[in-house]
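Below is one structure, written out as structure tokens; the observations come after it.
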Amino acid sequence: MTDDDLLAQAIVFILAGFTTSSTLLSFLLYELALNPEIQERLQAEVDEILQKNNDKVTYADITHMKYLDMVVSGINYWNFNIFMVLIVR
């Protein structure tokens, strides 16, 4: 998958994708913009995988990215809690 393919998929998720996927991705990008130290650490993990695999990323590689999993899980946790607060009101 090329960088252009990844970008196209991200745009589809945000603009025309499923609500849960687009909301999660939007919150993730927002939080990464507010927290450059998290963004840098995540970028370092991605760069490490790219360097090991000649700029190719596979699904197996993504499943081994521990920090990526923590970041996405953390955003998912906060996104769910915000949603629940809005429903309870």
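Atoms CD1 and CD, from I75 and E31 in turn, are 4.5 Å apart once rounded to the nearest 0.5 Å. Going from atom CG of L42 over to atom CE of M70 covers 9.5 Å, rounded to the nearest 0.5 Å. Note: E45 CD to K66 NZ = 9.5 Å, rounded to the nearest 0.5 Å. From R41, atom CZ reaches atom CD of Q43 across 14.0 Å, with rounding to the nearest 0.5 Å. With rounding to the nearest 0.5 Å, the separation of CG in L28 from CG in L68 is 8.0 Å.
Crowding of E37 atom CD: a count of heavy atoms from other residues, nucleotides or ligands under 6.0 Å exceeding 12. Summarising the local packing, OH of Y30 is surrounded by 12 or fewer heavy atoms from other residues, nucleotides or ligands at distances under 6.0 Å. Counted within 6.0 Å of CG on D5, heavy atoms from surrounding residues, nucleotides or ligands total more than 12; the atom is thus considered enclosed.
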Handout entry: Derivation and outcome, side chain to side chain contact (heavy atoms under 4.5 Å, CB included), residues I49 and M65
Key = CA-CA 8 Å; I49 294 294; M65 296 174 77; 4.0 Å; yes
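Within the structure, the salt bridge (Lys or Arg N to Asp or Glu O under 4.0 Å) test picks out the following pairs touching residues 47-63 (sequence neighbours left out): E48-K52.
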